[in-house]
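Written out below as structure tokens is the structure these notes cover.
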Protein chains: 2
Amino acid sequence: MTVSRVLNGKKGVRPETRKRVLKAIEETGYIPNSLARSFTLQKTKTIGLVIADITNPFFTTLARGVENIAAKNQFSVIFCSTDEDREKEALYLEILVRKRVDGIILAPATQKGDSLKSILIKRIPIVLVDRELKSPKNLDLDIVKGDSVYGAYILTKHLLSLGHRRIGIVVGSREISTAEERVQGYKEALIEMGIPVEESLIKFSSYSEEGGYTATKELLQMRERPTAIFGGNNFITVGAITAIKEAELRIPHDVALVSFGDIDFLSQIYPFFTVVTQPAYSMGVIAAELLIRKIEGRDKVKEKREVVLKPELVIRESAGELLTKEVRAKEFCSA
Amino acid sequence: MTVSRVLNGKKGVRPETRKRVLKAIEETGYIPNSLARSFTLQKTKTIGLVIADITNPFFTTLARGVENIAAKNQFSVIFCSTDEDREKEALYLEILVRKRVDGIILAPATQKGDSLKSILIKRIPIVLVDRELKSPKNLDLDIVKGDSVYGAYILTKHLLSLGHRRIGIVVGSREISTAEERVQGYKEALIEMGIPVEESLIKFSSYSEEGGYTATKELLQMRERPTAIFGGNNFITVGAITAIKEAELRIPHDVALVSFGDIDFLSQIYPFFTVVTQPAYSMGVIAAELLIRKIEGRDKVKEKREVVLKPELVIRESAGELLTKEVRAKEFCSA
DNA sequence: GGTATAATTGTTACCGGTAACATAAAAAGC
DNA sequence: GCTTTTTATGTTACCGGTAACAATTATACC
């Protein structure tokens, strides 16, 4: 009908007719049905964003980036929190395919991409963020990620440079690529210094406070206690702090603590923890741009695209620059 | 077709036929098209959640509650961040109506509900969260909110009980109901103590760090500086801290600082700030349950439902219990 | 003014489900 | 075995858009 032409700004409608249509729309309070439109056009102008937890500032910042780019291109975003649960992930992916989203941005809960089968069959464009997939082989999905190996490497080197030799590390599940990569970077730094890697100092736990707390507790109970602990993400570090407090140890006097991923709010108010930060917002922006280009067929490149963003080391006080630390602490406690 | 019957678990299909259908589905990798389904059924099993900012922990926690209840009832959630911008809000609402969501949960950016016209026309169920609407009159939408008046009242009373008499307050825009209510609670507490309300101590700014920073700076530059500052939400408080630090003042020695809304992460690690907390997760849960009941027509009540959750005062150290404070600070600075 | 041409408006079919009905097959009853 | 009843499967129309084409009306041109 002519209405469709008017609403889509197509040419070939007399100005007067256009006006009449617009008036009728106004009067009847007509609102187009995107469902019907998407249905005929076979495109929904919607992308799915599947992440671990909308409560984690890293992911919300990333999500913000995705949303802003999506809005700029008239796309809506459906958010899904998997809680690192592969079944929930599979369920959400299935729902997204059913809803016929035009594309998906996924931070996979595991390195096994079995739940992607249907997406691949339907040839829905997909971009991974933050985390790699190991199988199926030759999947070659585009990915936007941080350089976890490098980040862990420089963070560990920093600890080593301060004289630490027994460094405990707590990361997420072995199922998640970043956990393996962070451990790898940690090992590389140790090996470079000729320090033997002690497996009992490496804890694959979960990217949660609970996980950080439990694993740190174990590390602190070792006969020969580590002098430093490496928190694998923001949540783990927060859990580690609780464990360290509980053991009545002081940071960094008794044990140093550093974190992969900054600790929102806290660091802003009281920049105490030495961390490696990741550009979460940019990751979201880049992933969304890439995805939308793929959706719109503007991305001619056939090969797997891999965007790796360098994390940045922010040296503060939790690793043990005692002098500065005490001054700053005093400042804060009464600031 | 029989397939539809099988997938919807309808009776009247021979077990053997069902098996055959299921096998065929498996083999062809068939995935139902919810778009078509929603289109015919005139329901999408989707709700829209319109909030200010997915980056604000208060809203993400609320969102989490909504999402969990939604998932439990096989509903999907579309998130929209308005950035407190009424135009963005109107745009998102329009999109949600076009997408024919079954219901909407809204934290309105302003107290004027003009952008709701189309929703009301389409008779889409809607539940407000966190914030009231003032107009149009007699709108009487269901709402789940915290008791801002009461929360601000007890927080202010706490400051008064510690001897503060000049208390500055920074809240969000006057356009937002919680801002007005928090100021009202603040005034009530003062009036009860017979302390004259000084308008220059009341700053309607914006619920953002920037807003908190700027307004606090102004308060601190007054000839007669307030001895305490009341941060209207978590972001404002963070901004206030920056301003106080910049002025080289100490908390609480030189100026006390309390917050409406807890400061995520920070409070967990270092429980320093005296705050009033709101049950964000519960708000999300209740709002979602209410909405879904309305969608499914299980809510027979005609009148406006108003669920008001009481906030809780958490006394810590930023308001000035000096002794405890110093001990704790020491603990943390080396904890 | 009449025809050729261009611009505008109208018509039909389709996207993929489901409700409602029609038909076909199986089970029951005599 | 044949009808009746029950159960299982098939058919049609519709939801509300849009593409492709058809029909109509306006404009250009001689």
Side-chain angles (χ1 to χ4, degrees), chain A residues 1-46 48 74-76 78 94-103 118-119 121-124 295-297, chain B residues 1-46 48 74-76 78 94-103 118-119 121-124 295-297:
Chain A
M1 148 108 106
T2 306
V3 177
S4 172
R5 276 184 266 257
V6 171
L7 287 175
N8 291 295
K10 296 253 169 100
K11 57 187 178 241
V13 180
R14 256 192 317 166
E16 190 235 312
T17 319
R18 163 166 285 122
K19 241 176 263 170
R20 268 196 311 140
V21 170
L22 256 24
K23 207 183 66 173
I25 287 173
E26 179 70 24
E27 281 169 1
T28 56
Y30 165 82
I31 294 176
N33 185 331
S34 326
L35 238 48
R37 181 165 215 270
S38 298
F39 182 38
T40 28
L41 258 40
Q42 309 273 45
K43 54 181 184 179
T44 50
K45 278 277 176 184
T46 304
Q74 282 103 261
F75 276 81
S76 307
I78 299 181
E94 164 96 17
I95 291 176
L96 291 176
V97 176
R98 286 178 178 225
K99 283 188 181 287
R100 299 292 191 264
V101 293
D102 293 335
S118 52
I119 294 168
I121 288 171
K122 288 274 176 198
R123 315 184 132 274
I124 297 175
I295 290 172
E296 297 184 340
Chain B
M1 158 99 104
T2 307
V3 178
S4 172
R5 276 184 267 256
V6 171
L7 287 176
N8 291 294
K10 296 250 167 101
K11 57 187 176 243
V13 181
R14 254 189 320 167
E16 192 235 313
T17 318
R18 164 167 284 121
K19 240 175 267 171
R20 266 194 315 138
V21 170
L22 257 23
K23 207 184 67 177
I25 287 173
E26 179 73 23
E27 282 169 0
T28 56
Y30 164 82
I31 294 176
N33 185 332
S34 324
L35 236 49
R37 180 165 215 270
S38 298
F39 182 40
T40 27
L41 257 41
Q42 310 272 46
K43 54 181 185 178
T44 50
K45 278 281 179 181
T46 304
Q74 283 104 259
F75 275 81
S76 307
I78 298 182
E94 164 96 16
I95 291 176
L96 291 175
V97 177
R98 286 178 178 222
K99 283 187 180 286
R100 299 293 191 266
V101 294
D102 294 335
S118 52
I119 294 168
I121 289 171
K122 288 275 176 196
R123 314 185 132 273
I124 297 175
I295 290 172
E296 298 183 340

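Here is the naming used below: chain letters follow the sequence lines, and residue numbers restart at 1 for every chain. Quick caveat: nothing in here was measured; it's all calculated off a predicted structure.
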[N] [atom2] sits how many Å from [X] [atom1], rounded?
X     : N      : atom1 : atom2 : result
B:R20 : D:dA8  : CZ    : P     : 14 Å
B:I25 : C:dG16 : CD1   : P     : 15 Å
A:R98 : C:dG16 : CZ    : P     : 16 Å
A:L35 : C:dT18 : CG    : P     : 13 Å
A:I31 : D:dG17 : CD1   : P     : 11 Å
A:N33 : D:dC15 : CG    : P     : 12 Å
A:R5  : C:dA7  : CZ    : P     : 14 Å
B:K43 : C:dG17 : NZ    : P     : 17 Å

Candidates [options] - which lies nearest the side chain of [X]:
X     : options                : answer
B:Q42 : D:dA19, D:dG16, C:dG16 : D:dG16
A:R14 : C:dT8, D:dG17, C:dG16  : C:dT8
B:T40 : C:dT9, D:dG17, D:dC14  : D:dC14
B:F39 : C:dG16, C:dT8, D:dT9   : C:dG16
A:R37 : C:dG17, D:dG17, C:dT9  : D:dG17

Under 4.0 Å: is that the gap between some side-chain N or O of [X] and OP1 or OP2 of [N]?
X     : N      : answer
B:S4  : C:dT18 : yes
B:K10 : C:dA19 : yes
B:N8  : C:dT18 : yes

When you match A:P32 and B:K11 each to their closest nucleotide on DNA chain D, which lands nearer the 5' end?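 Mapping each residue to its closest nucleotide by heavy atoms, the 5'-most match is B:K11.
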
Among B:D102, B:I78, B:L35, side chain to side chain contact (heavy atoms under 4.5 Å, CB included) partner for B:T44: B:D102

hbond_proxy A:R100 side chain to C:dG16 base (donor-acceptor, 3.5 Å cutoff): no

For residues A:K99 and B:S76, report the shortest heavy-atom separation together with the two atoms involved.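 Answer, listing the atom of A:K99 first, then B:S76: CE-OG, 3.1 Å.
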
NZ on B:K23 to OG1 on B:T28, rounded to 0.5 Å: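 Answer rounded to 0.5 Å: 11.5 Å.
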
Are side-chain heavy atoms of B:S38 and B:R100 found at a separation under 4.5 Å? no

Are B:F39 and A:N33 side-chain neighbours, meaning at least one heavy-atom pair lies under 4.5 Å? yes

